[in-house]
Amino acid sequence: MSTVTRSQSSQPWLHQKGAVIQEFGTVKQFPLGLSHDARMYSCQRLNKVLADTQILYGLYKKHHWLLRGATFYQLHLLLDKHAGEQLALVDTIAERVQTLGGVAVGDPRHVAEITSIPRPPDGVEEVPAMLSRLLEAHEAILTQAHDAAARAAGLGDDGTNDLLVSQVIRTGELQAWFLAEHLVDTPLVRT
């Protein structure tokens, strides 16, 4: 009869603890042809956009669930579509931070510490207030993204510039347009 050791069994090694091998706010060297300063700058700015984008995603889902009123169905579908697009951006932005040698902000508690997006009420707001809140979050992210894209380009970080312009800004502008059009009070035309 043989004795099975822990390493030969199928028991998972639970409750593992480990040392932090890279601190948040640092970048490790990768052969990317970018200076340490350029990569550090881009990671800091991208993490800010990433935190705000994660909050925007959460706002979209909250409002998607809590909508009320005559426009419920169309807005329910639109907000869910926008949420999915924001979630895709979250992954893309986080991967860019990692590609630059940084550490992407991922813990929701850490995100809450660095976001600039105000916390909404815990309850249900009226639909125009929900849409306005989403538009304000978009504008905050877009303002940051425009500035960060220009500065990243100035530092030679074309990849970060491209991500911010072609994905974050273009997606955000299109989504803001769709939301804003729901807040237009069009007069009733009678013939």
Side-chain angles (χ1 to χ4, degrees), residues 24-25 42-98 102-152 160-161 163-190:
F24 181 81
S42 290
C43 286
Q44 290 170 345
R45 293 303 298 268
L46 286 168
N47 266 321
K48 184 79 172 96
V49 172
L50 176 58
D52 288 347
T53 302
Q54 289 179 66
I55 296 297
L56 179 57
Y57 164 76
L59 284 175
Y60 266 114
K61 290 307 284 188
K62 173 185 167 80
H63 297 333
H64 159 79
W65 296 320
L66 301 180
L67 280 167
R68 312 265 168 93
T71 59
F72 168 79
Y73 185 71
Q74 65 203 34
L75 283 174
H76 182 75
L77 296 178
L78 179 67
L79 298 189
D80 200 39
K81 177 183 180 291
H82 284 194
E85 292 166 355
Q86 289 299 316
L87 187 58
L89 284 176
V90 165
D91 195 52
T92 301
I93 298 164
E95 288 177 353
R96 179 66 186 166
V97 172
Q98 296 301 126
V103 177
V105 61
D107 186 296
R109 295 161 295 197
H110 191 188
V111 168
E113 291 172 2
I114 65 174
T115 187
S116 64
I117 308 298
R119 182 177 174 168
D122 291 334
V124 179
E125 293 179 283
E126 295 173 313
V127 172
M130 290 181 185
L131 298 181
S132 291
R133 185 173 301 284
L134 290 168
L135 284 168
E136 289 166 8
H138 272 295
E139 186 172 30
I141 292 168
L142 288 166
T143 299
Q144 281 185 67
H146 282 289
D147 182 63
R151 291 187 185 199
T160 296
N161 172 273
L163 167 88
L164 290 168
V165 172
S166 68
Q167 295 184 50
V168 175
I169 292 172
R170 288 195 179 138
T171 299
E173 288 175 344
L174 188 63
Q175 289 183 348
W177 171 48
F178 273 77
L179 293 174
E181 290 299 335
H182 281 275
L183 293 174
V184 172
D185 187 18
T186 57
L188 200 57
V189 178
R190 298 192 192 270

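Just so it is clear, the values below take in all heavy atoms, side chains as well, and ignore hydrogens, waters and symmetry mates. No experiment lies behind these values; they were computed from the predicted model shown.
With sequence neighbours excluded, the residues satisfying side-chain hydrogen bond (donor to acceptor under 3.5 Å, both in side chains) with H138 are Y60, Q175.
At a threshold of 4.0 Å, the pair R109-E113 does not count as salt-bridged, since none of the basic side-chain nitrogens sits closer than that to a carboxylate oxygen.
Q144 has its side chain within reach of S116: a pair of non-hydrogen atoms, C-beta onward, lies under 4.5 Å apart. By the 4.5 Å heavy-atom criterion applied to side chains, I93 and R96 are not counted as neighbours. A 4.5 Å side-chain heavy-atom check between L78 and Q74 finds every atom pair outside the cut-off. In this structure, the side chains of R45 and L164 stay at 4.5 Å or more apart for every pair of heavy atoms. Side chains of L56 and L134 form a contact here, defined as non-hydrogen atoms less than 4.5 Å apart. Using a 4.5 Å heavy-atom cutoff, the side chains of L179 and L79 are in contact. The shortest side-chain heavy-atom distance between V105 and Q54 falls under the 4.5 Å cut-off.
Taken to the nearest 0.5 Å, the CD atom of E95 stands 11.0 Å off from the CG atom of L50. Note: L163 CG to L89 CG = 7.5 Å, rounded to the nearest 0.5 Å. Put simply, CG on D147 and OG1 on T143 are 9.0 Å apart, with the number rounded to the nearest 0.5 Å. Distance check: R133 CZ to R119 CZ gives 11.0 Å after rounding to the nearest 0.5 Å. To the nearest 0.5 Å, atoms CZ (R151) and CG (N161) are separated by 13.5 Å. Note: M130 CE to L66 CG = 5.0 Å, rounded to the nearest 0.5 Å.
Every pair passing salt bridge (charged side-chain N to carboxylate O under 4.0 Å, His left out) that includes a residue from residues 49-66 is listed here, sequence neighbours excluded: K48-D52, K61-D80.
Contact record, F72 with L67: CD1-O, 3.5 Å, taken as the closest heavy-atom pair. Here the closest non-hydrogen pair linking A137 and L59 is CB-CD1, 4.3 Å. Shown here for I117 and T115, the closest heavy-atom pair between the two residues is N-OG1, 3.1 Å. Contact record, A104 with V97: N-CG1, 3.6 Å, taken as the closest heavy-atom pair.
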Kindly determine whether L131 and H63 satisfy side-chain contact (heavy atoms from CB on, under 4.5 Å), including the steps that lead there.
CA-CA 8 Å; L131 298 181; H63 297 333; over 6 Å; no
Test side-chain contact (heavy atoms from CB on, under 4.5 Å) on H182 and T71 and set out the steps.
CA-CA 9 Å; H182 281 275; T71 59; 5.5 Å; no
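Listed for the T53 side chain is a donor-acceptor partner under 3.5 Å among the backbone atoms of V49.
Between H82 and F178, the ring planes lie perpendicular to each other; the angle is over 60°, past the 30° to 60° tilted range.
A 6.0 Å sphere centred on CD of E139 holds no more than 12 heavy atoms belonging to other residues, nucleotides or ligands.
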